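Taking it in order: structure first as structure tokens, then the write-up.
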Amino acid sequence: MIRNYLIGIGGTGARVIESVLHLCAAGYGPESLSMFLIDPDQANSNLSRTKTLISQYQAAASAWHDKGSRQEARPFGTQIKTAQNSIWTVFANNDVTLSGFVNEKTLRQSNEEYAQLISVLFTEAELQTPLSRGFRGHPSIGSVVMSNAEAGKESSNKDMVPAQALEQLWQDIQDSNEGDARVFLVGSVFGGTGAAGVPTFGSPKMLKHHEKAKLDNGGSRVHLGGALVLPYFSFEADAEAVKKEKQDMYVTPADFPIATKAALEYYNEKELAFDELYFIGDSLGADHRVGKFGTGGKEQNNRPHYIELVTALAALDFWREASVRTSTRECFIAARNDQTVTWDMLPVTRDKGQLNALQVLLAHRIASMTTLGYVLNTYAADFLNRPHGAGENNVGWYKDHFKFDAKKSQDDGKDPRKGANFSSLNAVRSYTAEFVRWITDIGALPRVQLVDGTKLWADDEAMLPPLQHAGGIGGFLVGQARPAGSATFNEFLAQLNSVRITDQAMSASDRFLNLLQEASDAFCRQAYGLEPYARR
Amino acid sequence: MLRKAPMNYLAAAMIAAVLWLLSGLLLGNYLADNISLQDMTTDDFLLRYRITTGTASFVGCLMCCSWFASGAKPAAAADPVGYRKLWIGLMLGEVLLGALALIGLVVSMLPESLTLVNYLVILAGLVLGTALFFWLCTLAMSPRPVEAVVPGKR
Amino acid sequence: MSLPSAPFRLPQFLPYAALLVTAIGCASSSKSDVDVEQTAALVARAVGPELKATDSVRVDVYLDATVSMSGFTVDGTSNYSKFLNDLESSLSNGWKRVDVHYWKFGGTAREIARPEFLQARTPTFYSERGFNEVTSIDQAVGCQRGPRMGVVITDLFQQAGDVNAIVARIKAKCLAENVAVGILAVKSQFDGRVFDARVPPFAYRAVGPDTAAYRAFYALVFGQPNQFDALVQAMERLPFVSARNFALVSPYVVRHYDVVMSKGRDAKDVNLNKAAGPYAFNFAVRKGGTGGTLIADVTLTPNASSPPATLARAELMAFRRATGRQAAGDGPPSRDLELKQLTAQGNKAHLEIALDITDPPGRYEYIVELRAASVNGFGVPAFVHALSSEDPTPTRDPNKTLNLESFIMNLRQAATSQHQPVLASWLISVNKH
């Protein structure tokens, strides 16, 4: 049985997992996917956000469980599996230092040579800095820690927490045939946690050729892939913040090139066990400021970046092509044509024959999910805020599909405004709001011409009301076939009115969502000229 | 299919014609058999009655077609309240049309001393071709953006 | 939010379809119009069949050769003499070809030549035995169809009993054949003895310029009704002959008539439908009803020479016929239509007719005839009244003709009994629901 695994290491790993989640929510992901994160910085806002997003995704997927007869590109179609704790925070407490982790004091007494080796390898700052906020851009620290990762409920090192997620991973690996456990690691080469974790877990004995994974024929149950994310962003330098952190270890954009060079040299020399390795970066990084300076914790809250989307596409390509085995080494390269980032330059696949089709599919899925999220959080939200019999609700799509007497309590189950229906709709609505935020933030970066968020957002908090800004819904996707604004919200309503759902057993919330989804799909095909697959 | 142009226009014209057959011919013949006229011949009465009901039906059909044209616009789905008002306005227009037609007939035939029952039958014929026709056609054949606006749509 | 606009786009075919539908509904007629032939047949009941006037005619002139006629000769200079002299030339003016035969009659009749006829201007003509004793006008009465006329010149009656005899003869030989009878009175100088009186014959002389004292002699004319106009016009060329002194006893007493029908104001169960023709009217009886009052306003244009019909005494006859049949072959008289009231003023009659159909719902057609009264249906022509006396004596009405009025009226009555004149005829169709 094929099992797909995604391990996001460090902040970048968490950001990429976000992108993967959103692509899965849009119906672009695999059938199932297990994932977990590795990051000692528990308070990292990026990490918290990703963790929350995973929960939101799972809640939305559970809430919207009947998508009718739709088979292809089902929203929230990927079953996201996580362990009870989706994050391995590595350390048991917040004041763990490298010195304490390696028991330097004890070593000085018991094995002076090891102690001196430690002093040579690490600076005093590196030994004494608390590691609760990650490895501060020092992968050397991280590699020492990560290599002690143990699965199971208890760890031999009192400073480490056992990785429950790893326990599940090993169980899945042991149940797999050769190459069926498709594990993909994501991390940056310029940070700390990711730069340490990816090569550590990529070493032969850690995963691919571990006792539990290797086979008698010399093969492995694990098909291992990884994405090394090269520097792709900058952040705002804040003199006050830098001055405050002066005594601490921290990474700045100036450190990125050096760290990247060192990492790439390491990967070149070291014989790691990756079957497929993706190197992803962008020279536009200096223009792409994703947030304010922070050494970690709550201060590290970076806006999404298109490279994270690209990395997520790399992961999807890995799982899609994992069954293709070649005996010879192959290299693939994808790059922008110019200084702009557009839909037709996103590297969605290594297969040239499928390139255009998958790019169209990707654009359509993202456009459709954006449309769905926009409508759910505006028009549909207003709709559901009104009582069933309100005059503004006298529209064909609603009256045809929601026939009940609001005064009768036995009909409450048919009302999308009440009970479990309302909760389900809220779960999907809140996730899709995050989706719209994510994709419009990506589109807000300079020279990224994917989505124009100004068509959808009035400000940071509120979306534009579609009835008063009818052209927004037909103009947010940049590079579309039709002139911007010619497809209006009225045309969306026309599509909505033409949808027919005949399954009477479907819950009210599912019916509501399926109506909007069908309409979003159809609208995006018409408005943006996107025909990703044969219509049902 | 009946909610899209040109089928709804054609169907409305057909229904208007059929309803006029009912009101103009059937009801007209009933009136001719039962009415008591003073100076006017029965043929003159029937001609006047049929022209009146035919004209009312024709104008009523035009109003119905204007509803179809307006309701087919994509923007209609975004404003159900406004289009409900429009529908009510058109319906009142149909009622007014029937009332004016009846008043015209009454005034022109005052010397004939028709009975109240006669006028009620005439009114029934006019209502058939105006208000009832409008309601039936909009209920069954309104364009999709505004089909739910029509009272009685379940 | 303001009310959305309702722009109107009219499919092109819609106005035409509506007009077509309205036209189909309105342009309908459930009743067939009465055609020209049927209308002519209806009218012919009153005004007579349209007979083509002939170019030629044979005229048999019978001259009364009794002694009472000799007084009219007055030395051959009287109007009577001039009448005899110019008779043939006058007749020639009425037709292209006139074939005149002369007869002398009294107690018997024989044909004479024209020269002998012209001898009638002298008294000797009236002294022939077998002719001069008694006037047997019945010898001269002979009505034949075709282009043939008979003219009897006489002073009329020697005895009172002659009226009935003559009338009976005329009725049998002429009126029964639908031949009309005309009486032309010509006033002439007279110097002789008057024999048609209840008193012994007396002498009477009126030869001066006072025409009021003149006595009248008469030309009884027998022929087809359409020939009399030509005859009278021909004779009017003579200065002492006037069409006002001409009375025509004919089966047809009207030249033209108009009928306008409506319904009575109290006829709730009846409705007037569109007329099918100038003499064809349609009514409808609504469900549950049997009928009501119908109003007919009839305007007559009588034949100028006919005795005036007494309109107030006119009678109404209705005959039901099967729908679509011709006027000939009517059914029996129907009581569905009965005359309630008739008001006459001059030549106009206002009729209130009661319609009562007790038969099941259906379509019923009636031919309605307004007829002159079967008894005393006509008045006396003015000239007849002026020339008639019941008892002429030497001192009273010496120049008047005994029982002329009685003769004319009996003749008219006999004609009526033979063929009751129709004053107006029209068709009523009733659709009972």
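The chains referred to below are lettered A, B, ... by the order of the sequence lines, with proteins before strands, and numbering in each begins at 1. Small disclaimer: the values here were computed from a predicted structure and weren't measured.
- The two residues S498(A) and R144(B) make their nearest non-hydrogen contact at N-NE, 4.3 Å.
- The environment of OH in Y30(B) is sparse: at most 12 heavy-atom neighbours from other residues, nucleotides or ligands sit within 6.0 Å.
- The two residues V81(B) and G391(A) have their closest heavy-atom pair at CG2-C, 3.8 Å.
- Scanning both residues, K153(B) and K399(A), for their nearest heavy atoms gives O-NZ, 3.8 Å.
- Rounded to the nearest 0.5 angstrom, D400(A) CG and E147(B) CD are separated by 5.0 Å.
- When all heavy atoms of E392(A) and P80(B) are compared, the pair lying nearest together is O-CG, 3.1 Å.
- Of all heavy-atom pairs between V395(A) and A148(B), the closest is C-CB, 3.2 Å.
- Once rounded to the nearest 0.5 Å, the distance linking CG of N394(A) with CG of D79(B) reads 11.5 Å.
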